[in-house]
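To start, the structure under review is shown below, and the notes come after it.
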Amino acid sequence: MQPTDTKNPEYYHKVVDCQWGCPAHTDVPGYIRHIAQGEYTQAYLLNRESNVFPGILGRVCDRPCEPVCRRARVDEEPVAICRLKRVAGDLKDDFKPYLPPVPEQKNGKKIAIIGAGCASMTVANDLLPLGYEMDVFESLPEMGGLIRSNIPKFRLPPDVIDEEFDVIVEQGINLHLNHSIESLKNLLNEDYDAVLVGTGAPKGRELDLPGRYDTDQIHIGIAWLESVAFDHIDEVGEKVLIIGGGNTAMDCCRTSLRLGGKDVKVIYRGERHAMKSSDWELEPALEENVDLVLCHSPEEYIVEDGKLVGMRFSIMEYSVDDDGKKQSRKVDEAIIPCDTVILAIGQENSFPWIERDLGIEFDQWEVPAVDPITYESTLKGVFFAGDAAFGPKNIIEAVEQGHQAAISIHKYCNKESLTDRLPHGMNLVTAKMGIHEWSYSNDFDYDDRYEVPTIPMQKRFKDINIEVELGYEPGQFKREVERCLNCDIQTDFVASLCIECDACIDICPVNCLTITENDEESSIRQKIKTPADNLDQAIYVSEDLPQTGRVMVKDEDVCIHCGLCAERCPTAAWDMKKFTLQVPYASDEAIDAAKETKKAV
């Protein structure tokens, strides 16, 4: 194997599994250490650089960072990354003085942003410091888009949305609420230099079965949640069926319980492992005694004299054939009584206000053709981000797409190449403070994951606006932060200093080091005391060692970043260094372009 190129930012980036798993590349270990040190405002600001809405995401992020957390490879449970983010949001002081200044003198460019959700407001957040004037058009009476209308208040209180969105508006955007855009063609005829479409995926999927239009007690999930959010619906039948198995279904069933539902069932046509809902969405629903009915495929709405009385289902059985293909067959039928049905079987894009003769191409699912790097549509100067770009995903994906769209809009307005973008950079700085002293807590904490306190069950259903999760108490989060393995503190090795004494190999608590003859990767992976069987995680291979020409090998997959190898090494061949991924944003692109212009002059 060739020596590992540790100067490539993506190598250490991938070692920081949580940051690698986060679409917005949030410096998770960094903000957790700030919390550990009581620096809550710094933790919030470090979050905000990448994910913009820490208070919101600390409650409702889909947490792609947690399933890949290294702690789950040595314990059963990952670090509570998401809920620690909320700690920073709840305990921060006034952070506004530390935000990038917005120039009074604008740059002469004007942007139209359609929709006031997370992707759109991320674009506004990134372009404000560069002097852009922006008009944001929102069809709803309040900002937030689908997080306002579709996430129940008992999960995400409105004041949390207001705080994090208002701080962007207060910096100088022109916000137009209750203002639907009826024609993109008309908007393009106005004096805008670029347009960003961030309208989400606002259309819920239908389930057109016999009886569908014979009653008014069948609802589309996201439209129903919006009606609840804006107080247009305040009651539901006692026997409620939620059709679907995603996160929207979980929000619908828990909301139904708070509006008078007594017997609430989630009906899913497949098996539990195939459900799209996150475990942390499903578990609270089950805790609140929602019934989960699996392998039931809807066939008919049963309506008598205009009244919904039940649904008929086929009971399915699933298997895998000899070719590995999933097979299904009907084994029985069932009728489940109900007086309300809520359909939560997916969301779709909807662009009836975009004329089809403008030059914007759409596929057969009415999803626009959008460049996955630049987020520009097939019509120059019109960009998409969030669910509007590639269909329903999640909030943190929308934020990252907003960052990238902002870069493209800035480059477009300055007649620069949209694809010529700054790469990731990195800093690597020693964490050594003394002979055996580090600038991070390197002890392994054996505590299990701490559960976030919740409001007692008997109080939850009295008011739909009562937030269920109370957030960590100080004694809990101060212990939970110690579970973090500091994966951004990297083991940096200098081959020329190694004397092959094996001290690091002897002391390594997880047996992730070895010195061996160089070979093919498959062979080297098996030579480590604990074989490196996870092919998704790289192994480190040093340059040839000066004594024997062998190589130092490390399995990055199981390293717990304890620093014992560096403490034991007699020649300082090992050091623990803080890795910081430098993620470029629109402001960085502007600085880079200014430098290039100065060079040319």
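On a predicted model such as this, the values are computed, not experimentally measured, just so you know.
A side chain to side chain contact (heavy atoms under 4.5 Å, CB included) with Val264 holds for exactly one of Cys338, Cys252, Cys253; it is Cys253. Checking Val52, Asn51, Leu57 one by one against Pro54, the side chain to side chain contact (heavy atoms under 4.5 Å, CB included) holds for a single residue, Asn51.
Residue Lys14 qualifies as enclosed at atom NZ: its count of foreign heavy atoms under 6.0 Å is above 12. More than 12 heavy-atom neighbours from other residues, nucleotides or ligands sit within 6.0 angstrom of NZ on Lys106. Environment of NZ in Lys380: sparse, with no more than 12 heavy atoms of neighbouring residues, nucleotides or ligands closer than 6.0 Å.
Applying the side-chain hydrogen bond (donor to acceptor under 3.5 Å, both in side chains) test to pairs two or more places apart or on separate chains, those with a residue in residues 391-401 are Glu400-Gln404. For the ring pair (Phe, Tyr, Trp, His ring centres under 6.0 Å) condition, no pair includes a residue of residues 186-215, sequence neighbours left out.
Remark: the backbone N or O of Tyr318 is not paired with any side-chain donor or acceptor of Arg329 at under 3.5 angstrom. For Tyr268 (side chain) and Ala274 (main-chain N/O), a donor-acceptor pair under 3.5 Å exists by modelled atom type.
Note that CE of Met311 and CD1 of Ile335 are 11.0 Å apart. Values are rounded to the nearest 0.5 Å. Atom CG of Asn189 and atom CG of Leu184 lie 9.5 Å apart (nearest 0.5 Å). Here the OG-CG distance, from Ser314 to Asp332, works out to 9.0 Å after rounding to the nearest 0.5 Å.
Residues forming a salt bridge (charged side-chain N to carboxylate O under 4.0 Å, His left out) with Asp135 (at least two apart in sequence, or on another chain): Lys110. By the salt bridge (charged side-chain N to carboxylate O under 4.0 Å, His left out) test, Asp357 is found to be paired with Lys185, residues two or more places apart in sequence or in another chain being considered. Under the rule for a salt bridge (charged side-chain N to carboxylate O under 4.0 Å, His left out), Glu299 has no partner lying at least two apart in sequence or in another chain. In this structure Glu163 satisfies the salt bridge (charged side-chain N to carboxylate O under 4.0 Å, His left out) test together with Lys92, sequence neighbours excluded.
With contacts defined as side-chain heavy-atom distances shorter than 4.5 Å, the pair Val290/Leu257 qualifies. Put simply, the side chain of Pro298 does not reach to within 4.5 Å of the side chain of Leu241, judged on heavy atoms. Counting heavy atoms from C-beta on, the side chains of Arg63 and Ile81 never come closer than 4.5 Å. In this structure, Val68 and Trp20 have side chains that are not in contact, with every pair of non-hydrogen atoms separated by 4.5 Å or more. Side-chain atoms of Asn178 and Pro141, non-hydrogen and from C-beta on, do get closer than 4.5 Å to each other. Side-chain atoms of Leu379 and Leu188, non-hydrogen and from C-beta on, do get closer than 4.5 Å to each other. The shortest side-chain heavy-atom distance between Tyr301 and Ile218 falls under the 4.5 Å cut-off. At a threshold of 4.5 Å between non-hydrogen side-chain atoms, the residues Pro152 and Ile464 do not count as touching.
A salt bridge links Arg356 and Glu366; the closest N-O separation between the charged side-chain nitrogens and carboxylate oxygens is under 4.0 Å. In summary, Glu281 and Arg155 engage in a salt bridge, as defined by a charged side-chain N under 4.0 Å from a carboxylate O. Salt bridge annotation for Arg258-Glu288: present, with a cationic side-chain nitrogen under 4.0 angstrom from a carboxylate oxygen. At a threshold of 4.0 Å, the pair Glu469-Arg59 does not count as salt-bridged, since none of the basic side-chain nitrogens sits closer than that to a carboxylate oxygen. Arg212 and Glu206 are joined by a salt bridge, as a carboxylate oxygen and a charged side-chain nitrogen come within less than 4.0 angstrom of each other. Under the 4.0 Å criterion applied to side-chain N and carboxylate O atoms, Asp279 and Arg272 are not assigned as salt-bridge partners.
Using bins of under 30°, 30° to 60° and over 60° for the plane-to-plane angle, the ring pair His25/His424 lands in the perpendicular bin. Taking the six-membered ring for Trp and thresholds of 30 and 60 degrees, Tyr412 and Phe383 have ring planes more than 60 degrees apart, a perpendicular arrangement.
A ring-centre distance under 6.0 Å is found for Phe53 and Phe165.
Side-chain polar atoms of Ser278 and Asp62 form a donor-acceptor pair below 3.5 angstrom. Side-chain polar atoms of Tyr585 and Glu49 form no donor-acceptor pair below 3.5 angstrom.
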Q: Could you please spell out the steps behind the side-chain hydrogen bond (donor to acceptor under 3.5 Å, both in side chains) verdict for Ser408 and Arg421?
A: CA-CA 9 Å; Ser408 295; Arg421 302 162 95 89; 2.9 Å; yes
Q | Evaluation steps, side-chain hydrogen bond (donor to acceptor under 3.5 Å, both in side chains), between Arg73 and Asn534 | A | CA-CA 11 Å; Arg73 299 202 285 274; Asn534 182 4; over 6 Å; no
